[in-house]
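To start, the structure itself, in structure tokens.
So you know, we letter chains A, B, ... as the sequences are listed, proteins then strands, and number each from 1. Side chains included, hydrogens not; waters and symmetry mates left out as well; all remaining heavy atoms used.
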2 protein chains.
Amino acid sequence: MNSGDSSAGGGGDEALKEAREAFINHWGAMGSAWGINRTMAQIHALLFTATEPMSTDGIMAELQISRGNANTNLRELASWGLIRSVMIRGERKEHFEAEKDVWKMFCLIARERKRREVSPTVEVLEECRQRTRGLRTAESRQFARQMKEIGDFLRLGETLLEKAVAMEESKAVALARKLFR
Amino acid sequence: MNSGDSSAGGGGDEALKEAREAFINHWGAMGSAWGINRTMAQIHALLFTATEPMSTDGIMAELQISRGNANTNLRELASWGLIRSVMIRGERKEHFEAEKDVWKMFCLIARERKRREVSPTVEVLEECRQRTRGLRTAESRQFARQMKEIGDFLRLGETLLEKAVAMEESKAVALARKLFR
DNA sequence: CATATTTTTCAGTATTTACTGAAAACGGCT
DNA sequence: AGCCGTTTTCAGTAAATACTGAAAAATATG
């Protein structure tokens, strides 16, 4: 009973450390694929799986990154509401902890992406539509219709998310399950 | 009645051209924000708003890009199913047209992102969970639980999308509207 | 208020990602 | 087979993005 067994002792800590590292790395890669800076996603994963709030220095050490990098991405994560700074008594350094509730996390991301990307897109589409609305060529009419169709789709999506995000997780999940039993 | 009026003639064509360009640019920027290469998104927008299928050369000229760049991104768009190549009689060059139905477009993107990103993530999470499952420390238990929670959330999302994507647009929209009247 | 500690900023640099263009490969045609 | 128009590939390069580290600014301490 030693290295193959994962139920106790140093081997267990090792397994946890490795699994956590795998998660942090994968979360970083996923961030990249979805237009989020890899480091920002890694810091998020690190804090999400941390049991205690961490200082900037702790994060720098863990992820082997510079102070500037850590600071920038911590501020960005805070601006999304995904982490918050907490003061630890007896410590002067700022410490950070992540929102641990997956549903709340999802709501924060949805809200922010809507605000930063979807809504501005809806505006551009509407503007494109208005600019070509009076035109009478077949091309213009088709274009204006397409702008309307994407706009309608995005607005419907926005509404759905708004409603979902306003719900308790349990309600939302129950609804989802009922819908597609 | 001249430049200010947008209802007919050359001014109208100009307005359409400008609006279309604005759409293409914005679509490209949105692509970037969501982890999709800007040029790929621009080609998509170009074909989406085109009335006729376009050749690689046409696309190169319109977006001022090289043949290699155009070719790569056209193949990538085709691999997502967002465009298809069509043969034009009398022409030897390959021509491309985009899926114009917004709901179908959404379904294609959802399916592809699920396949490429969400499902692999679910697998990693499951693996992380398994690797720490036997451990008995508080940290390990919390970590394993977190992996399960994200995994459950993503799987539920996958299921919902699968079902939605299997529906007709009209049904899906009707359902959405009913849900949140 | 002088000093120590922490945080922010940002010019310079490194890394990653995307693009070009020319050569090679392909595919039809005679 | 040999030619010709088309598409693909990919080494080299450009552009975009992310990161470092040290200096400046802010904040706390006695």
Does A:R113 count as lying over the ring of B:W34, i.e. NZ or CZ under 6.0 Å from the six-ring centre, within 45 degrees of the axis? yes

Both A:T72 and B:G68 contact DNA chain D. Taking the nearest nucleotide for each, which residue is further toward the 5' end? B:G68

By nearest-nucleotide position on DNA chain C, the 5'-leaning member of A:D57 and B:R92 is A:D57

All heavy atoms of A:T132 vs all of B:A15, minimum pair found to be CG2-O, 4.2 Å

Rounded to whole angstroms, how far apart are CZ on B:R38 and C1' on C:dT17? 12 Å

Per nearest nucleotide of DNA chain C, the residue lying toward the 5' end, B:Q64 or A:N71, is A:N71

Quick check: is A:L108 connected to B:F153 through a chain of hydrophobic side chains (ILVMFWY, heavy atoms under 4.5 Å apart)? yes

For B:M40 and C:dT17, give me the distance from atom CE to atom P, rounded to whole Å. 16 Å

Roughly how many Å is it from CD in B:E91 to C1' in C:dG28, rounded to a whole number? 16 Å

What is the distance, to the nearest angstrom, from the CZ atom on B:R67 to the C1' atom on C:dA24? 14 Å

Nucleotides bounding contact with chain B, strand DNA chain D, heavy-atom threshold 4.0 Å: D:dG5 to D:dT17

Interatomic distance where CZ belongs to A:R75 and C1' belongs to C:dT6 [whole Å]: 11 Å

Given that B:H95 and B:N69 both sit by DNA chain D, which one's nearest nucleotide is further toward the 5' end? B:H95

For the pair A:F23 and A:F48, name the ring-plane relationship: parallel under 30°, tilted 30 to 60°, perpendicular over 60°. tilted

Exceeds 12 heavy-atom contacts within 6.0 angstrom, atom NZ of B:K104: no

Under the side chain to side chain contact (heavy atoms under 4.5 Å, CB included) test against A:H44, which residue among A:I36, A:T39, A:L82 passes? A:L82

